[in-house]
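Notes to accompany the following structure.
Atoms considered below: every heavy atom in the structure, side chains included; atoms not considered: hydrogens, waters and symmetry mates.
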Amino acid sequence: MPELCPPSGAVRPSYVAALREFHAEGRHLDADATALADAGAFEDLVDALHDAELAAATSAPGGVPTTTFWYCDGARYLGRITLRHRLTDALRDVGGHVGYEVRPSARRRGHAGAMLRGVLPAAAALGLERVLLTCDAGNLPSRRVIEGCGGVLTCESGGVRRYRVPTAR
């Protein structure tokens with residue numbers, strides 16, 4: 001049964017395969033799948049994701065503390081969901097508290113909705129009563145996921161839809 005888990009080297013081969021799937025779509029081209037196949041480089045990636053939970057608030061202009069969860073079925077990487085602990089003006093416009101993606105070969109199986117429902121308790125634990133999610137107006141699959149998890153459209157402008165999702169039901 002798939003579940004949210006912290007990033008770990010246990011899924012490295014599957015993560016690298018997923019990255020290659022994203023590359024085929026023209027996404028994540030800045031991430032080097034060949035380099036990440038190396039265990040040491042992959043552990044550096046995992047360490048950086050764990051460090052982002054605290055370091056982003058002080059290391060990057062406009063950075064915020066961020067928790068990344070991977071969605072895995074055993075050693076198979078299916079996707080990721082990122083929870084930003086607070087918002088900046090830029091994140092209020094595009095990005096919001098939560099961002100997620102499912103690897104291409106695992107789409108259309110309910111994983112995105114399961115990830116979003118799974119991360120809401122972590123958001124509540126941070127004291128967030130509602131989280132902001134944004135998506136492109138034309139991204140019907142993402143709109144369905146957000147609305148299916150209780151998202152209420154608050155506005156649409158510049159081709160971006162903004163939703164508020166309650167963290168407790």
Quiz item: Are Arg162 and Ser157 close enough, and set up right, to give a side chain to side chain donor-acceptor pair (under 3.5 Å), and what steps lead you there?
Solution: CA-CA 9 Å; Arg162 291 167 192 84; Ser157 64; 3.1 Å; yes
Exercise. Go through Arg103 and Ser14 one step at a time and tell me if the side chain to side chain donor-acceptor pair (under 3.5 Å) criterion holds.
Key: CA-CA 10 Å; Arg103 71 185 290 175; Ser14 183; 2.9 Å; yes
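The same ILVMFWY cluster, assembled from side-chain heavy atoms under 4.5 Å apart, contains both Leu4 and Ile146. When hydrophobic clusters are built by joining Ile, Leu, Val, Met, Phe, Trp and Tyr residues whose side-chain heavy atoms come closer than 4.5 Å, directly or via intermediates, Val145 is grouped together with Leu153.
Of all non-hydrogen atoms in Leu78 and His111, the two that sit nearest each other are CD1-CE1, 3.8 Å. Scanning all heavy atoms of the two residues, the minimum distance from His50 to Pro7 falls at NE2-O, 3.0 Å. Counting all heavy atoms, side chain and backbone alike, Ala75 lies closest to Ala10 at CB-O, 3.8 Å. Nearest approach of Thr167 to Ala123, heavy atoms of both residues: CG2-CB, 3.7 Å.
A donor atom on one side chain and an acceptor atom on the other are found under 3.5 Å apart for Tyr163 and Glu147. No hydrogens or angles considered: nothing links the side chains of Arg92 and Thr134 as a donor-acceptor pair under 3.5 Å. Counted by atom type alone, Thr67 and Arg84 present zero donor-acceptor pairs between their side chains at under 3.5 Å. In this model, a donor atom of one side chain and an acceptor atom of the other lie less than 3.5 Å apart for Arg80 and Thr82.
Atom OH of Tyr71 and atom CD1 of Ile81 lie 10.0 Å apart (nearest 0.5 Å). The line from CG of Leu126 to CZ of Arg86 is 12.0 Å long, rounded to the nearest 0.5 Å. Considering OG1 of Thr154 and CZ of Arg161, their distance stands at 10.0 Å, rounded to 0.5 Å.
Counting heavy-atom neighbours within 6.0 Å of Arg130 CZ, excluding the residue itself, gives a total of 12 or less.
Side-chain atoms of Arg164 and Val131, non-hydrogen and from C-beta on, never get closer than 4.5 Å to each other. With a 4.5 Å cut-off on side-chain heavy atoms, Leu49 and Trp70 count as touching.
Among residue pairs with one or both ends in residues 22-40, those qualifying as side-chain hydrogen bond (donor to acceptor under 3.5 Å, both in side chains) are Glu25-Arg27, Glu25-Arg107, Arg27-Glu101, His28-Glu101; sequence neighbours excluded.
A donor-acceptor contact shorter than 3.5 Å is absent between the side chain of Asp73 and the backbone of Arg76.
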